Every structure is written in structure tokens, then in C-alpha cells.
Amino acid sequence: MKRKVGLTLLAVLLCVSMFGCSSSGTSSSNNGKDKGLRMLMPYSRFDPNKDFMAGFIQEKTGVQVNYEMLPAENFDEKLNLLVANKEPIDIMKLSSGQFYQLASSGALEPLNDLIDQHGNQIKAAIQDTTWGSATIDGKIYAIPEAGSGASAGEALVVRQDWMDELGLKTPTNPEELYNVLKTIKDKKQIVPLTGAKDSIYGDIASAFGIVNDWTDQNGKLVHKAEQPEMKEFLTYMNRLYSEGLIDQEMPINTAAKAIEKFTSGKAAMYKLAWWNSTNTVNSIKQNFPDAKLSVIPYLKNKDGKANVGINTGITWFIAIPKASKHKEEAMKLLNAKLEPETFKGLAIGQEGVHHEVKDGKYYPILPKFNDDLTNGSSFMTGTIEKSYPDYWQARVRKEPILQSYFEAFQKEAEGLFIIDPMSLAPPIESVNKNKLKLTKLLDDNVLKYITGAEPIANYDQFLKQWHDEGGADMVKQANDWYTNK
């Protein structure tokens with residue numbers, strides 16, 4: 001009896017260590033489920049096989065899908081084990097890094113022929129410019145899943161009641177912002193502007209020309225680390241920091257800590273993300289019932305022009321592994337999910353049940369929308385790019401404060417968007433290899449220059465280090481793609 005229990009435990013441990021079990025207990029092996037397709041998803045805290053969307057997709061397409069998730073930790077290692085063991089998974093929803101690694105190692109099926117034969121809805125849904133992000137040497141290795149379109153995510157907000165009390169006008173450029181912050185500090189004896197360690201760029205940086213990670217300068221891609229304007233931005237931010245006009249704890253603040261300072265009245269200004277607006281506004285109103293907030297328009301540069309940077313890149317790549325035993329069936333399913341009415345149901349459910357239309361806009365019907373569609377994006381395998389942004393906005397109309405800040409940010413950003421030219425680039429070896437490391441290296445050093453821990457005069461020395469540690473290769477390969485695209 002003990003031997004039988006021991007062998008059973010050993011089998012379970014092997015399942016976990018080698019293949020990974022999904023949140024529903026579904027192993028990466030077929031477990032006798034020869035019917036239906038197998039789809040591997042990123043980790044999330046729900047059981048995909050019991051979700052409303054799983055049933056909706058089967059009902060609309062007639063295809064049974066057995067959903068499995070990567071684990072919350074060591075997910076790349078688990079993915080590599082699955083591929084190395086040639087697990088017959090039919091569809092994988094991959095991050096950009098995962099996609100590049102598997103495509104470059106030959107683990108993914110080229111999809112050109114399958115799309116030509118079975119992908120009429122896919123071709124209609126995805127714009128021509130998007131395909132390049134999933135194409136390597138002329139071969140398509142995934143269906144690129146575009147997001148919700150161009151939108152502004154963050155903007156500076158200020159305690160307008162304090163601005164009125166001090167007779168201050170809304171700042172329109174960095175110098176006016178400096179004067180406002182200085183007056184607030186002198187008169188109110190509080191932190192004028194708080195922020196988190198991951199909010200060091202945004203509209204202040206944009207006013208100095210640091211708009212996106214990459215910019216086109218006379219047909220050449222230049223990374224923001226290389227832009228001459230970076231020194232001007234750092235000099236300005238160091239001035240604010242040295243005079244106590246921005247939070248002295250910014251280099252260690254989390255977003256939650258910065259919001260707490262703003263909502264508790266310890267700071268007058270904060271760069272707010274619209275998705276945090278409801279909790280932020282409610283907290284301020286609870287602490288200060290008469291408080292008023294206003295959105296500061298995006299700051300203008302020295303030429304009197306405001307810009308809002310945006311990356312419209314692809315977040316997810318939907319691939320068919322070479323180990324799949326049902327490649328045609330997998331492509332047919334992916335195609336069926338992008339049939340217009342089916343995709344609309346996947347995005348916003350059924351009209352009159354999950355959503356309603358008012359003034360040409362989609363509004364969620366609560367709580368049914370949340371009950372059934374909360375996890376809908378996890379099941380997406382590509383989007384109808386022209387219609388999805390309109391569908392997606394139903395999600396920001398769940399709550400009046402959330403909707404008001406989202407719409408206010410978009411109104412201020414209208415006509416100001418500058419898209420990062422690398423947004424729709426295909427996987428580039430040196431970019432995928434070095435991006436995370438070099439981003440951290442840059443951000444860590446930017447904080448040092450802002451706080452004065454490192455003199456800005458040493459920036460060129462840092463830039464050489466950035467180039468030596470992979471920046472030069474990254475810039476070269478990015479430009480090789482850009483000039484030949």
C-alpha cells in the first residue's frame with residue numbers, strides 16, 4: 001500500500017516539475033482528452049475551463065478546447081520544457097519574448113499557407129502593417145494580437161482647490177510648472193509633486209523631446225538614451241529635486257505609496273493613471289470632502305507643441321507549435337473566433353444582456369458584464385483591429401469616475417499622439433536580448449542624475465557603458481530593420 005501511494009506521489013511530482021499542471025488540474029498531457037484542441041495560456045487567477053468564455057467559444061465555433069495555463073513563477077522554464085518534450089499543444093498565447101525565442105529556435109509552425117487556406121476572417125481582421133511584428137524572413141509565425149488602439153494612459157492631476165486658493169494658473173510648459181511647484185512649496189509647506197520610481201518620464205519628459213523609447217531623427221532610429229535632449233530633461237528634474245519641488249522619496253516610492261501621499265494631502269500634484277482614478281478620487285473625497293481635482297493639459301515644448309508618446313505594439317502572439325497534431329483545425333478555430341459577430345461576443349458579450357448601446361457607444365450592463373466577461377481578454381487570439389477599440393471602451397464605462405478620467409485624458413491628448421516607430425517591428429535579436437537589461441540600467445542611472453547622486457556631467461560616460469553593454473548592437477539592428485522595412 002505504501003509503495004502504491006509513493007508511486008502515485010512520484011507521478012504527481014513529475015507532472016508538476018516536468019510539464020506543469022493548469023489551475024484546473026489539467027495536466028499538459030492529454031489525460032485521455034483526445035477530443036478537442038489544447039491551448040496554452042499565460043497564468044491568471046481563474047480556471048479557464050470553467051469560465052463563461054470557454055463555453056461561449058465552444059458554442060459559437062463548435063470546437064472543444066482544453067485550456068491549460070503556465071504557472072505563475074518560472075513560466076518561461078515551464079514553456080521551454082513543454083516545447084523540449086514536444087508536447088502536442090495546438091495553440092499558444094505567447095509574450096513577445098517567448099514568441100521570439102520559440103520562433104527563432106524552430107519550434108513554431110510557419111502560418112502563411114494555413115492562413116491562405118483557412119484564414120479569411122483573420123486576413124480581414126488584421127491590418128497589413130501589423131503582420132510585420134510576427135514575420136521573420138518572410139514567414140509568419142504567429143497571429144499578432146493588437147490592443148485597444150492609441151490612448152493616453154496618464155496625465156498630471158492637481159488639487160485645484162489649492163491652485164485656486166493660491167491664485168495659480170494651470171501650467172502649460174516646464175518653466176510654468178516650476179513656478180507653480182515653487183509657490184505650492186513656499187505657501188503650503190507640502191510636497192508639490194509626488195511620483196513613483198517608475199514614473200520618471202511622462203509628459204514632463206515629452207516637453208523636452210523624450211517622447212518614446214525610440215524616435216525617428218532624419219530617417220534614423222535613435223533611442224531615448226542617446227537623445228541630446230535627455231541631458232536637458234535631467235537638468236530640469238535635478239533642479240526640481242534639489243529645490244524640494246518633487247518628492248524626495250520618489251526613487252523609492254511605489255505607485256501605491258505615491259498615491260497615498262497624494263490622497264492624504266501630503267502632496268499637491270501626481271501623475272495619475274486613469275485606471276487608478278476611482279480609488280484615488282474616492283480616497284481624496286473621503287479625506288477632504290471639499291477637494292477638487294483637475295487635469296493639467298500635456299506640457300508644451302519650447303516650440304509650443306505638446307506631444308504624447310505611445311507604443312501601439314503587439315502584446316501577445318498566437319502561435320501553432322510544430323508539435324501540434326491538429327494544425328489545420330487550430331487555424332480554423334482561430335479564424336472562426338474572428339468572425340465579426342463571434343468576436344464581438346467575445347469582446348463585449350450579447351447586446352441587452354452584457355452591454356447596451358447609447359449614443360453610438362457601448363456600455364456594460366452590470367453585474368452581468370463583469371460576471372461573464374472579466375476574463376475575456378485571456379481567451380482572445382487576435383482582434384478585429386478596426387472595431388476592437390470601440391468595443392474595449394465599454395470596459396472603462398463601468399464606473400463614472402473611471403470613464404470621466406479616461407475621456408478627459410483622451411480629450412487632452414487628441415491630435416498629440418506620436419507613435420513609437422518600433423511599435424510594430426518584428427522580433428529583433430539584440431532588442432529582445434538587451435531591452436530589459438538596458439531599460440533598467442538607464443532608469444537606475446536617470447534616478448541618480450535626478451537626485452544628484454551622480455553629476456549629469458558624467459552622462460556621456462554612462463552612455464558609453466549603455467552602448468558597450470548591448471545598446472550599440474540594439475540600435476544597429478533596429479536601424480537595419482527600419483531602413484529596409
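Please read all numbers here as calculations on a predicted model, not as lab measurements. Values below: every heavy atom of this structure, side chains too, minus hydrogens, waters and symmetry copies.
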Under 6.0 Å between ring centres, would you say that holds for [X] and [Y]?
| X | Y | result |
| --- | --- | --- |
| Y141 | W131 | no |
| Y362 | H355 | yes |
| Y67 | F379 | yes |
| Y388 | Y391 | no |
| Y405 | W274 | no |

I'd like to know if the side chain of [X] pairs up with that of [Y] as donor and acceptor (distance under 3.5 Å, no hydrogens or angles considered).
| X | Y | value |
| --- | --- | --- |
| Q465 | Q461 | no |
| E145 | T383 | no |
| T381 | K337 | yes |
| S206 | N307 | no |
| Q477 | D473 | no |
| D247 | N253 | yes |
| D213 | H223 | no |
| N479 | K220 | no |
| N458 | Y449 | no |
| Y178 | E243 | yes |
| N434 | E469 | no |
| T215 | Q227 | no |

Once rounded to the nearest 0.5 Å, what's the spacing between atom [atom1] of [X] and atom [atom2] of [Y]?
| X | Y | atom1 | atom2 | result |
| --- | --- | --- | --- | --- |
| T278 | Q403 | OG1 | CD | 10.5 Å |
| K437 | W466 | NZ | CH2 | 11.0 Å |
| K368 | H354 | NZ | NE2 | 5.0 Å |
| S151 | F409 | OG | CZ | 11.0 Å |
| I296 | L177 | CD1 | CG | 6.5 Å |
| L293 | M163 | CG | CE | 12.0 Å |

Applying side-chain hydrogen bond (donor to acceptor under 3.5 Å, both in side chains) to Q98 and D76, what does each step give before you reach the verdict? CA-CA 7 Å; Q98 292 168 340; D76 284 339; 2.8 Å; yes

Can you find a heavy atom in the side chain of K261 that is under 4.5 Å from one in the side chain of T194?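 A side-chain contact under 4.5 Å exists here.
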
[X] atom [atom1], over 12 foreign heavy atoms within 6.0 Å:
| X | atom1 | answer |
| --- | --- | --- |
| E429 | CD | no |
| K398 | NZ | yes |
| K285 | NZ | yes |

[X] bridged to [Y] by N-O distance under 4.0 Å:
| X | Y | value |
| --- | --- | --- |
| D460 | K464 | no |
| K257 | E260 | yes |
| K188 | E165 | yes |

Checking K476 now: which residues fulfil side chain to side chain donor-acceptor pair (under 3.5 Å) with it, not counting sequence neighbours?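 K476: side chain to side chain donor-acceptor pair (under 3.5 Å) contacts with D480.
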
When the ring planes of Y236 and F208 are compared, do they come out parallel, tilted or perpendicular, using 30° and 60° as the limits?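 Judged by the thresholds at 30° and 60°, the geometry between Y236 and F208 is tilted.
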
Can you confirm if the NZ or CZ of [X] lies within 45° of the ring axis of [Y] and under 6.0 Å from the centre of its six-membered ring?
| X | Y | value |
| --- | --- | --- |
| R159 | F288 | yes |
| K358 | Y363 | yes |
| K305 | Y298 | no |

